[in-house]
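For the single chain, residues carry numbers from 1 onward in sequence order.
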Amino acid sequence: MSISSRFSVGIHILTLIELNKDDISSSERLAKSVNTNPAMIRKIMGMLKKAHLISVRPGVAGATLVKGLAEISLLDVYKAVHVVKDNELFSIHDNPNPNCIVGRNIQETIDPIFISAQRALEQVLETTTLDQIVDDVLKNEALKVESEH
């Protein structure tokens with residue numbers, strides 16, 4: 001099982017809103033870029049709005065970023081789209097056999113490791129900001145355009 005695609009779609013939405021800031025970033029336009037349906041985009045945009053990352057106005061197409069690119073970390077997006085709850089990235093199977101040495105001890109043995117791994121992931125996300133994503137998208141596009149010529 002992987003982390004919900006809402007996370008990557010949230011990053012996609014925010015990046016496109018920034019790169020499209022001189023135009024209207026409607027849910028339809030965003031959905032075309034993500035290659036999904038506008039209803040799914042609106043749901044994720046609602047989460048991003050609730051987290052105070054974007055601003056949308058009822059009845060008016062489009063969205064804008066509420067904060068500067070350097071102020072929005074990937075951890076902000078991760079939390080906004082409810083990828084996982086604190087210390088629940090990894091789940092441990094329920095009801096192991098208490099009559100088995102491993103069954104009796106596995107949960108408390110691996111739980112601290114799982115918590116540590118989730119914290120490490122979240123630290124990386126916290127130090128990566130949307131301005132880095134936008135810069136990398138633009139660099140990657142420039143390389144693709146250059147290789148075509």
Sidechain-backbone polar pair: S147 side chain, K144 backbone, donor-acceptor under 3.5 Å: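 Indeed, once roles are kept as given, a pair shorter than 3.5 Å links the two residues.
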Measure the spacing between [atom1] of [X] and [atom2] of [Y] and express it to the nearest 0.5 Å.
X   : Y   : atom1 : atom2 : value
R6  : H82 : CZ    : NE2   : 7.5 Å
M45 : S26 : CE    : OG    : 8.0 Å
H12 : L30 : NE2   : CG    : 7.5 Å
M40 : I13 : CE    : CD1   : 7.5 Å
I44 : T36 : CD1   : OG1   : 7.5 Å
R29 : D23 : CZ    : CG    : 5.0 Å

In this structure, which one of L130, N20, D136, L138 forms a side chain to side chain contact (heavy atoms under 4.5 Å, CB included) with T15?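 Of the listed options, the one satisfying the test is L130.
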Pairs where residues 19-56 contributes a residue and the test ring pair (Phe, Tyr, Trp, His ring centres under 6.0 Å) is met, not counting sequence neighbours: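 Residue pairs passing ring pair (Phe, Tyr, Trp, His ring centres under 6.0 Å), neighbours aside: none found.
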Nearest non-hydrogen partners of [X] and [Y], listed with the distance:
X    : Y   : value
T129 : L69 : CB-O, 3.9 Å
N37  : A31 : C-CB, 3.7 Å
E28  : R42 : OE2-NH1, 3.6 Å

Is [Y] reachable from [X] through a run of hydrophobic residues whose side-chain heavy atoms are each under 4.5 Å from the next?
X    : Y    : value
F7   : F90  : yes
I24  : V56  : no
I110 : L121 : yes
I92  : V102 : yes

Would you call E18 and K21 a salt bridge, using N to O less than 4.0 angstrom?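 Salt bridge present between E18 and K21.
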Is it the case that over 12 heavy atoms from other parts of the model lie below 6.0 angstrom from the CD atom of E108?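 Enclosed: over 12 neighbouring heavy atoms sit under 6.0 Å from CD of E108.
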Take atom CG of L143 as the centre, draw a 6.0 Å sphere, and report whether it contains more than 12 heavy atoms from other residues, nucleotides or ligands.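 Atom CG in L143 is packed in, count exceeds 12.
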Check: residues 72-81 side-chain donor-acceptor pairs under 3.5 Å, at least two apart:
residue: S73; atom: OG; partner: L75; partner atom: N; Å: 3.3
residue: S73; atom: OG; partner: D76; partner atom: N; Å: 3.1
residue: S73; atom: OG; partner: D76; partner atom: OD2; Å: 3.3
residue: D76; atom: OD2; partner: S73; partner atom: N; Å: 2.9

Should L65 and I54 count as side-chain neighbours, where that means a heavy-atom distance under 4.5 Å?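 With C-beta onward as the side chain, the pair touches.
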